[in-house]
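In what follows, a structure is listed as structure tokens, so that the remarks can point back to it.
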Amino acid sequence: QMRSTTRGRLAAAMLAVALGCSESVGESVVSSVLDSLPADSAEAQTGPAGDQSPLALGACPDTIYVAEAGEMPQYNTVADGHVEVLGAQPTPRHVHLPWTGAPDTTATLLWRTDSQTLGSTVQFGLSPDFGTEVYGASFLVDGADSIPRVHEVRLCGLSPDTTYYYRVGVEGAFSPGYSFTTGPPPGNRSPTVFLASGDSRDSPGTWRKIMSAADANGAEFRIFTGDAVATGSNVEEWDEWFDAGTGFAESVPTIMGHGNHEYYAQAYFALHGMPGNERYFSFDYGNMHFVALDDEVYGDEAWQAQADWLA
């Protein structure tokens, strides 16, 4: 069962428990949610404000910014664009699949290399032959010595409930091929299995066991409710956390919630991807609506900003 004493919890995880949990795995919860919310609770991913046409298949039009530390950074620095340049360690490491947009029509891919590798390429398609190539951007993560550059590519115009094959990297240094499956269309009421877990801190081995159990139960995505590592600015701890996720993180999306041990560190926001301002946000999956709040903020103004957003 989840512990209520740990700060920085996702409201989404609480909702999942309230709706009904089918299995417990250690301190994680694998939830199977059936007819939980109204069918009209989700919205499709569309173009710019006022444009309701679906986005074309390819790279999202989003601008990718350099991650910043703090409760509410400004995100003013645009990340480095794709350049066909390889450094000393160009092979992608810690490939993983967060969500920054609608789970049914978008996907975001993150990985790391040495600082001099500037190529941020994703090849993807409906078969292992891929067929479509798109580019993203990259930036440096604070406190990382050997592989400090984070690469981010966002895919748009995907079809719901569809398996895509992909690889990341740059010509001459691509990753192996992986696959992921997009979420169901908005309002879909099919049973959904997902993992809600948190507080791995200095126990990456336990985190791997939990992911393995969730995978065996057919979890479609993972909600992590904070305190993934003991110190959010310590990139070595994040390396251990991502090492533990190898074999799972490449295909099953993880949505992160900020905990008190993440400390609003730049490394936390650099190494993960969340919707909106990444501190508090929401997303839809089928007929479920998930809301993440940040309870680490201080001052009435910060709390009021979240209250206004919820309203």
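If you read the sequence from its start, that first residue is 1, and numbering goes on from there.
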Discussion item. Can you confirm if the aromatic rings of Y268 and H261 lie within a centre distance of less than 6.0 Å?
Written reply: no
Practice prompt. Determine whether more than 12 heavy atoms belonging to other residues, nucleotides or ligands lie under 6.0 Å from atom CD of Q116.
Written response: no
Discussion item. Tell me whether L109 shares a hydrophobic cluster with V252, the cluster being built from Ile, Leu, Val, Met, Phe, Trp, Tyr side chains joined at under 4.5 Å.
Written reply: no
Fill in: Side-chain heavy atoms of I147 within contact of Q89, under 4.5 Å
yes
Discussion item. So, taking the atom named CZ in R279 and the one named CE in M274, what distance separates them when rounded to the nearest 0.5 Å?
Written reply: 7.5 Å
Worksheet item: Is there a side-chain contact between M72 and N277, using heavy atoms and a 4.5 Å cut-off?
Response: yes
Worksheet entry | Contact summary for Y166 and V122, nearest pair of heavy atoms | CB-CG1, 4.4 Å
Item to complete: Please answer: with hydrophobic residues joined when any side-chain heavy atoms are less than 4.5 Å apart, are V85 and V153 in the same cluster?
Response: no
Worksheet item: Can you find a side-chain donor-acceptor pair between S175 and W111 that sits under 3.5 Å?
Response: no
Worksheet item: Would L97 end up clustered with F242 when hydrophobic side chains under 4.5 Å apart are linked, directly or stepwise?
Response: no
Discussion item. For the aromatic rings, using the six-membered ring if either is Trp, is the centroid distance between W207 and F224 under 6.0 Å?
Written reply: yes
Worksheet item: Looking only at atom types and distance, does a side-chain atom of S115 sit under 3.5 Å from a main-chain N or O of P148, one as donor and one as acceptor?
Response: no
Practice prompt. Kindly state whether the ring of W241 and the ring of H272 have centres lying under 6.0 angstrom apart.
Written response: yes
Worksheet item: So which heavy atom on R112 is nearest to which on D239, and how close?
Response: NH1-OD1, 2.6 Å
Worksheet entry | Approximate separation, where rounding is to 0.5 Å, of E237 CD and D202 CG | 8.0 Å
Worksheet entry | Student check: side-chain heavy atoms of F221 and T181 closer than 4.5 Å | no
Worksheet, complete the sentence: Correct closest heavy-atom pair for A59 and V134 would be N-CG1, 3.5 Å
Practice prompt. Flag the pair V291 / L310 as yes when at least one side-chain heavy-atom distance between them is below 4.5 Å, and no otherwise.
Written response: yes
Worksheet item: Roughly how far apart are D80 CG and L140 CG, rounded to 0.5 Å?
Response: 7.0 Å
Worksheet item: Can you tell me how far the CZ atom of R222 sits from the OG1 atom of T254, to the nearest 0.5 Å?
Response: 3.5 Å
Practice prompt. Please name the pair of heavy atoms, one in V235 and one in D142, separated by the smallest distance, quoted to 0.1 Å.
Written response: CG2-O, 3.2 Å
Worksheet item: Around F174, counting heavy atoms of other residues, nucleotides and ligands shown, do more than 12 lie under 6.0 Å from its CZ?
Response: yes
Worksheet item: Where does the angle between the aromatic ring planes of F283 and F290 fall among parallel (under 30°), tilted (30 to 60°) and perpendicular (over 60°)?
Response: parallel
Item to complete: State, yes or no, whether a side-chain contact exists between R154 and I64 at a heavy-atom distance under 4.5 Å.
Response: yes
Discussion item. Using every non-hydrogen atom in the two residues, find where P61 and C156 come nearest and quote the distance to one decimal.
Written reply: CD-SG, 4.4 Å
Fill in: Aromatic ring proximity, centroids under 6.0 angstrom, F180 and Y164
yes
Discussion item. Using only atom types and a distance under 3.5 Å, with no angle test, would you say the side chain of T182 pairs donor to acceptor with the backbone of S159?
Written reply: yes
Item to complete: Check whether any side-chain heavy atom of F124 lies under 4.5 Å from a side-chain heavy atom of L57, and answer yes or no.
Response: yes
Worksheet entry | Exam field: side chain E262 to backbone A228, donor-acceptor pair closer than 3.5 Å | yes
Discussion item. Given 3.5 Å as the limit, does a donor-acceptor pair link the side chain of D227 with the main chain of N260, or not?
Written reply: yes
Discussion item. Test side chain to side chain contact (heavy atoms under 4.5 Å, CB included) on M288 and T192; report intermediate values, then the result.
Written reply: CA-CA 10 Å; M288 296 179 288; T192 297; 3.7 Å; yes
Practice prompt. Pick out which of I255, T100, T108 makes a side chain to side chain contact (heavy atoms under 4.5 Å, CB included) with P275.
Written response: I255
Worksheet item: To the nearest 0.5 Å, how far apart are NE2 in H94 and OG1 in T246?
Response: 5.5 Å
Worksheet entry | Neighbour count >12 (heavy atoms, 6.0 Å) for atom CD, E71 | yes
Practice prompt. For the residue pair Y264 and D294, confirm or rule out a side-chain donor-acceptor distance under 3.5 Å.
Written response: yes
Worksheet item: Do W99 and M211 sit in the same hydrophobic cluster, where Ile, Leu, Val, Met, Phe, Trp and Tyr count as joined when their side-chain heavy atoms come under 4.5 Å apart?
Response: yes
Worksheet item: Is there a path from V78 to L110 through hydrophobic residues (I, L, V, M, F, W, Y) whose side chains come within less than 4.5 Å of each other?
Response: yes
Worksheet item: Is the shortest heavy-atom distance from the side chain of D104 to the side chain of D161 under 4.5 Å?
Response: no
Worksheet entry | Taking every non-hydrogen atom, the tightest pair across V170 and G119 | CG2-CA, 3.7 Å
Practice prompt. Just do the side chain to side chain contact (heavy atoms under 4.5 Å, CB included) check on F194 and Y285 with the steps written out, would you?
Written response: CA-CA 11 Å; F194 64 94; Y285 192 90; over 6 Å; no
Discussion item. Below 30° counts as parallel, above 60° as perpendicular, anything between as tilted: where do the rings of Y135 and H82 land?
Written reply: parallel
Worksheet item: Roughly how far, to the nearest 0.5 Å, is CZ of R208 from OG of S203?
Response: 15.0 Å
Item to complete: Answer with yes or no after comparing the ring centroid distance for F269 and Y75 against a 6.0 Å cut-off, counting only values under it.
Response: no
Worksheet item: Do N234 and V229 come close enough that some side-chain heavy atom pair is under 4.5 Å?
Response: no
Worksheet item: Take atom CG in D145; do more than 12 heavy atoms of anything else shown fall under 6.0 Å from it?
Response: no
Discussion item. Set out, in order, the CA-CA distance, both residues' side-chain angles and the distance that settles side chain to side chain contact (heavy atoms under 4.5 Å, CB included) for S282 and H289, then state yes or no.
Written reply: CA-CA 7 Å; S282 67; H289 184 67; 3.5 Å; yes
Worksheet item: Are any of the side-chain nitrogens in D243 or R93 under 4.0 Å away from the carboxylate oxygens of its partner?
Response: yes
Fill in: E250 side chain vs Y178 backbone, donor-acceptor pair below 3.5 Å
no
Item to complete: Would you check, one step at a time, whether the test side chain to side chain contact (heavy atoms under 4.5 Å, CB included) holds for V297 with Q306?
Response: CA-CA 10 Å; V297 297; Q306 294 189 74; 3.6 Å; yes
